[in-house]
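Beneath this line is the structure, given in structure tokens, with notes to follow.
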Number of protein chains: 2
Amino acid sequence: MNFSSSLIEKAVESFSTLPGIGKKSALRMVLHLIKQDPEQVQKFAHNLVNLRMNIKACQVCHNLSDAELCQICLDSSRNRMIICLVESIRDVMAIEETGQFSGVYHVIGGILSPIDGVGPEQLNIDSLLERVQKNQVKEVIMAINPTIEGETTIFYLSKRLQKFGIKVSTLARGVAFGSELEYADEITLARSIQTRMPYNAVE
Amino acid sequence: MNFSSSLIEKAVESFSTLPGIGKKSALRMVLHLIKQDPEQVQKFAHNLVNLRMNIKACQVCHNLSDAELCQICLDSSRNRMIICLVESIRDVMAIEETGQFSGVYHVIGGILSPIDGVGPEQLNIDSLLERVQKNQVKEVIMAINPTIEGETTIFYLSKRLQKFGIKVSTLARGVAFGSELEYADEITLARSIQTRMPYNAVE
């Protein structure tokens with residue numbers, strides 16, 4: 001595209017480095033910013049730089065945080081004996097959104113994938129084992145995506161956690177609420193029959 | 001969404017002010033930026049602020065520009081006697097992309113729309129009339145979107161330009177290349193029969 005302005009060109013180039021943004025969307029954003037108050041654009045820029053310079057990984061759970069410890073690890077009302085193991089901070093947000101979990105997290109930062117060069121040493125596993133050993137952890141919930149690599153990671157971690165004699169659980173698998181059986185994939189449907197649950201009618 | 005970090009929250013809020021970006025896409029961008037080099041994020045921020053602070057409207061054609069005059073108005077090889085009238089700088093880019101126009105532009109900055117409070121005084125019309133009068137302009141091409149407001153704007157401008165005795169043209173209307181007749185709308189199809197063109201076989 002011919003922008004006839006190097007200022008516009010540079011800003012469009014910057015925006016197009018973002019995931020899912022092409023040149024046309026980038027231009028739309030740039031033309032939007034040009035119409036905003038200068039102070040607002042400066043605030044925008046400040047927020048980005050401030051984020052990059054000051055964001056930290058929580059020293060306990062590796063969640064992204066403003067300080068040395070994240071708000072969840074600092075919250076004294078949370079149960080430190082139950083650790084929910086997740087791949088990334090997006091999963092922390094998704095689970096927090098449900099409001100159904102009052103334990104703490106451990107972000108391992110990925111899943112085992114030899115093809116992408118991700119082995120156990122690339123993940124935050126040592127710090128997990130240390131946490132389990134030092135604190136009186138009773139249960140580790142593996143909230144990891146049920147893909148082939150995810151299942152491998154769960155299997156590997158459960159072996160490493162075996163020696164501590166703690167409870168290891170995974171998220172329940174089955175047919176999603178509101179979905180239709182005929183469109184569920186075969187593996188999910190087959191497993192949900194094998195692992196069927198007793199029905200308790202709520203009175 | 002619970003971001004458990006005010007740094008992330010502020011950056012997500014900033015990105016969600018952009019057109020077409022919701023909280024989830026904004027978060028995706030923020031997590032992407034966190035992984036980048038600090039210098040790259042600083043450059044990103046600098047490009048945005050620099051754009052907003054230094055972008056100008058070309059004093060002749062109102063195109064966005066780095067300097068007082070835009071690159072197109074400065075280019076001595078362009079024919080100043082043919083002015084292409086467009087609504088916004090996006091249209092300048094679209095026409096420049098075709099490489100088929102060697103005249104100059106005039107960005108009027110919108111179209112007449114009484115319902116949105118846009119009258120002739122809100123548009124760059126006086127500067128157009130001045131340009132036509134001062135320079136030896138021979139033709140004004142109305143490259144305005146063929147909507148009802150667009151047609152009204154073309155009609156109004158052609159009346160204002162009448163006294164200068166210059167040629168006023170609009171973009172050709174008709175069935176688009178590569179489209180199928182059965183899906184063309186009735187008005188376009190009807191007009192393209194009325195304004196049919198002699199066929200010159202290219203030998």
Side-chain angles (χ1 to χ4, degrees), chain A residues 1-15 17-21 24-25 27-38 40-56 58 63-67 70-72 75 88-90 92-94 96-97 99, chain B residues 1-15 17-21 24-25 27-38 40-56 58 63-67 70-72 75 88-90 92-94 96-97 99:
Chain A
M1 246 189 271
N2 178 358
F3 299 112
S4 77
S5 155
S6 69
L7 291 168
I8 295 182
E9 197 172 344
K10 277 183 191 167
V12 166
E13 262 171 32
S14 288
F15 273 118
T17 63
L18 296 173
I21 303 298
K24 287 218 171 176
S25 312
L27 178 62
R28 202 167 148 217
M29 293 175 181
V30 164
L31 294 180
H32 172 85
L33 282 186
I34 288 174
K35 286 187 211 144
Q36 305 308 305
D37 286 338
Q40 212 178 325
V41 177
Q42 264 166 339
K43 200 179 139 201
F44 188 133
H46 171 78
N47 284 345
L48 301 192
V49 174
N50 198 20
L51 166 80
R52 183 61 192 85
M53 292 304 163
N54 297 315
I55 196 84
K56 294 176 183 72
C58 171
N63 188 6
L64 288 177
S65 164
D66 296 358
C70 75
Q71 288 180 5
I72 296 169
D75 184 348
S88 81
I89 80 143
R90 279 186 222 215
V92 174
M93 289 180 192
E96 281 298 285
E97 203 70 357
Chain B
M1 245 189 273
N2 178 356
F3 298 113
S4 78
S5 155
S6 68
L7 291 169
I8 295 182
E9 197 172 344
K10 277 183 191 166
V12 166
E13 263 172 30
S14 287
F15 273 118
T17 64
L18 297 173
I21 302 298
K24 287 219 169 175
S25 312
L27 179 61
R28 201 168 150 218
M29 292 174 182
V30 164
L31 295 179
H32 172 85
L33 282 187
I34 288 173
K35 287 188 210 142
Q36 305 307 305
D37 286 339
Q40 212 179 325
V41 177
Q42 266 168 337
K43 200 179 138 200
F44 189 134
H46 170 78
N47 283 345
L48 301 192
V49 174
N50 197 20
L51 167 79
R52 183 62 192 84
M53 293 301 163
N54 298 315
I55 197 84
K56 293 177 183 73
C58 171
N63 188 6
L64 288 176
S65 163
D66 296 358
C70 76
Q71 287 179 7
I72 295 169
D75 185 347
S88 79
I89 80 143
R90 280 185 221 215
V92 173
M93 288 179 194
E96 281 299 284
E97 204 70 356

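- Only the backbone of A:Asp37 comes within contact range of chain B, with heavy atoms under 4.5 Å apart.
- The minimum heavy-atom distance linking B:Pro38 with A:Met53 is given by the pair CB-CE, 3.4 Å.
- Residues A:Met93 and B:Leu27 come closest through the heavy atom pair SD-CD2, 3.4 Å.
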Take A:Leu51 and B:Val41, measure what side-chain contact (heavy atoms from CB on, under 4.5 Å) needs, and give me the verdict at the end.
CA-CA 9 Å; A:Leu51 166 80; B:Val41 177; over 6 Å; no
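- Smallest separation of non-hydrogen atoms from B:Thr17 and A:His32: O-NE2, 3.3 Å.
- With a threshold of 4.5 angstrom between heavy atoms, A:Val92 does not approach chain B through any atom at all.
- In this structure, chain A has a heavy atom under 4.5 Å from the backbone of B:Gln36, while its side chain stays farther away.
- When each of B:Ile21, B:Ile55, B:Val30, B:Asn54 is scored by its heavy-atom pairs under 4.5 Å with chain A, the top score falls to B:Ile55.
- What you find for B:Arg52 and A:Ile34 is that their closest heavy atoms are NE-O, 3.3 Å.
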Assess whether side-chain contact (heavy atoms from CB on, under 4.5 Å) is satisfied between B:Asn47 and A:Phe15, documenting all intermediate values.
CA-CA 10 Å; B:Asn47 283 345; A:Phe15 273 118; over 6 Å; no
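- A distance of 7.0 Å separates CG in B:Leu48 from CG in A:Leu48, rounded to the nearest 0.5 Å.
- Closest approach of A:Gly20 and B:Arg28 over heavy atoms only: N-NH2, 4.2 Å.
- Contact of B:Leu31 with chain A is made through the side chain alone, with heavy-atom distances under 4.5 Å.
- More than 12 heavy atoms of other shown residues, nucleotides or ligands fall within 6.0 angstrom of atom NZ in B:Lys56.
- Contact between B:Leu64 and A:Ser5 at its shortest, heavy atoms only, is O-CB, 4.4 Å.
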Verdict with reasoning, B:Lys10 to A:Asn50, per side-chain contact (heavy atoms from CB on, under 4.5 Å):
CA-CA 10 Å; B:Lys10 277 183 191 166; A:Asn50 198 20; 5.6 Å; no
